[in-house]
Amino acid sequence: MSFNKLSASFYRRDDVVEVARDLLGKVLCSHIGGHLTKAIITETEAYAGMGDRASHAYAGRRTARTEPMYLEGGIAYVYLCYGIHHLCNVVTGERDDPQAVLLRAGEPLAGLDEMRSRRGKASAGNKLLAGPGSLSQALGIRTRLSGVSLLGDRLWVEDQGFSVADHEFVIGPRIGVDYAGDDAARPYRFLLTRFAH
DNA sequence: CGAATGATATACT
DNA sequence: GTATATCATTCGA
């Protein structure tokens, strides 16, 4: 149904930072519980694998939770944070190179009613997909989807031709990674200027 | 500004 | 096996 679904080669590049930048303006799509929802990706963060203290895979840490990150690029890594929020990542790079891009925010494109329904009370205004927990909740993404292929028909990313020029986004340090020491300062966060908040 | 909320990792016995 | 601290956040007071 989607002619423009991103293919494996998009995800399997060496440089996760490049993928994080390129995901801006792409469209995150889910077909879950019989509902199709789509959102333009407006904020991403790169997690650069074993050498990145902010990453769950730092120093090669490998557990049942993080196992998807060690698989070949092009699958989802979803985990529960603060006991409440399901955070959605796109795994990149080759097998055994655990890099991933956290999807932090989006702009609604399709399935608005279902998004609002899933978000409940807090779905008002422009906060529908603002923040990684909210984005996942609106698209119905749960930890159950961790490890699923992004080339399948439940969760994927499309290129609908929204181009993002260099002056249309800003780069900054990642959010909520103070525990990562010097790595917390890495310029790995990408945010479309228009949706900065 | 602080509570919510539970899986997960790690350090024990 | 059991205990405990931590967490890539969000919402409402």
Side-chain angles (χ1 to χ4, degrees), chain A residues 11 15-21 23-24 28 37 39 41-71 73 75-93 97-108 115-148 150 155 157 169-192 195-197:
Chain A
Y11 303 105
D15 187 0
V16 64
V17 179
E18 192 177 293
V19 178
R21 182 254 177 268
L23 278 169
L24 290 178
L28 177 65
T37 50
I41 297 169
T42 63
E43 182 180 351
T44 63
E45 281 177 1
Y47 286 83
M50 306 200 241
D52 180 1
R53 203 157 137 53
S55 172
H56 291 164
Y58 174 61
R61 263 179 64 238
R62 188 164 189 155
T63 66
R65 177 179 67 154
T66 62
E67 193 61 26
M69 282 209 285
Y70 287 84
L71 299 178
I75 64 172
Y77 167 50
V78 186
Y79 70 94
L80 190 66
C81 189
Y82 294 106
I84 306 171
H85 306 106
H86 300 253
L87 270 52
C88 177
N89 297 252
V90 162
V91 175
T92 73
D97 183 10
Q99 313 188 84
V101 176
L102 172 66
L103 305 179
R104 291 192 57 90
E107 192 63 15
M115 288 181 183
R116 276 189 281 265
S117 165
R118 285 173 178 149
R119 293 276 292 124
K121 286 180 84 168
S123 68
N126 60 349
K127 298 224 186 269
L128 191 56
L129 308 178
S134 304
L135 176 65
S136 296
Q137 185 180 38
L139 296 222
I141 299 168
R142 324 274 315 255
T143 55
R144 163 153 293 183
L145 283 178
S146 197
V148 306
L150 297 174
L155 186 62
V157 183
F169 66 91
V170 292
I171 304 176
R174 293 169 291 186
I175 303 296
V177 294
D178 296 343
Y179 59 86
D182 293 341
D183 290 338
R186 292 196 192 196
Y188 282 180
R189 177 175 181 235
F190 296 83
L191 175 61
L192 286 184
F195 300 107
H197 43 266

Quick one: does M115(A)'s side chain get under 4.5 Å of L139(A)'s, heavy atoms only?
yes
Side chains of L102(A) and T44(A): closer than 4.5 Å at any heavy-atom pair?
no
If the condition is ring-ring contact (aromatic ring centres under 6.0 Å, His included), which residues does Y58(A) pass it with, not counting sequence neighbours?
none
Can you work out whether K121(A) or V177(A) has the more 5'-proximal nearest nucleotide on DNA chain C?
V177(A)
Students often get this wrong, so: under 4.0 angstrom with heavy atoms, is [X] touching a base, only sugar-phosphate, or nothing?
X	answer
R65(A)	sugar-phosphate
R53(A)	nothing
S134(A)	sugar-phosphate

OP1 or OP2 of dA9(B) less than 4.0 angstrom from a side-chain nitrogen or oxygen of R61(A), does that happen here?
no
Does [X] have any side chain to side chain contact (heavy atoms under 4.5 Å, CB included) partners at least two apart in sequence or in another chain, and if so, which?
X	answer
L71(A)	I75(A), R95(A)
A185(A)	none
E67(A)	R62(A)
S136(A)	H86(A), C88(A), I141(A)

What are the 5'-most and 3'-most nucleotides of DNA chain C lying under 4.0 Å from any heavy atom of chain A?
dC7(C) to dC11(C)
Mind checking what makes salt bridge (Lys or Arg N to Asp or Glu O under 4.0 Å) contact with D97(A), not counting sequence neighbours?
none
R65(A): what forms a salt bridge (Lys or Arg N to Asp or Glu O under 4.0 Å) with it, not counting sequence neighbours?
none
Restricting to nitrogen or oxygen on both sides, can you table the protein-nucleotides 3-7 of chain B pairs closer than 3.5 Å?
| residue | atom | partner | partner atom | Å |
| --- | --- | --- | --- | --- |
| dT5(B) | O2 | Y82(A) | O | 2.4 |
| dG6(B) | N2 | G83(A) | N | 3.1 |
| dG6(B) | N3 | G83(A) | N | 3.4 |

Pairs counted as Watson-Crick or G-U wobble with both distances under 3.5 Å: what dot-bracket string results for DNA chain B, using | for bases tied to another strand?
||||.|||||||.
Cut-off 3.5 Å, no hydrogens considered: what does the side-chain donor-acceptor table look like for residues 47-57 of chain A, sequence neighbours left out?
| residue | atom | partner | partner atom | Å |
| --- | --- | --- | --- | --- |
| Y47(A) | OH | E45(A) | OE1 | 2.8 |
| D52(A) | OD1 | A54(A) | N | 3.0 |
| D52(A) | OD1 | R174(A) | NH2 | 3.1 |
| D52(A) | OD2 | A48(A) | N | 3.0 |
| D52(A) | OD2 | R174(A) | NH1 | 2.6 |
| D52(A) | OD2 | R174(A) | NH2 | 3.4 |
| R53(A) | NH2 | Y179(A) | O | 3.3 |
| S55(A) | OG | A57(A) | N | 2.9 |
| H56(A) | ND1 | Y77(A) | OH | 2.7 |

Which salt bridge (charged side-chain N to carboxylate O under 4.0 Å, His left out) pairs, counting each pair once, include a residue from residues 116-137 of chain A, with sequence neighbours left out?
D113(A)-R116(A), E114(A)-R118(A)
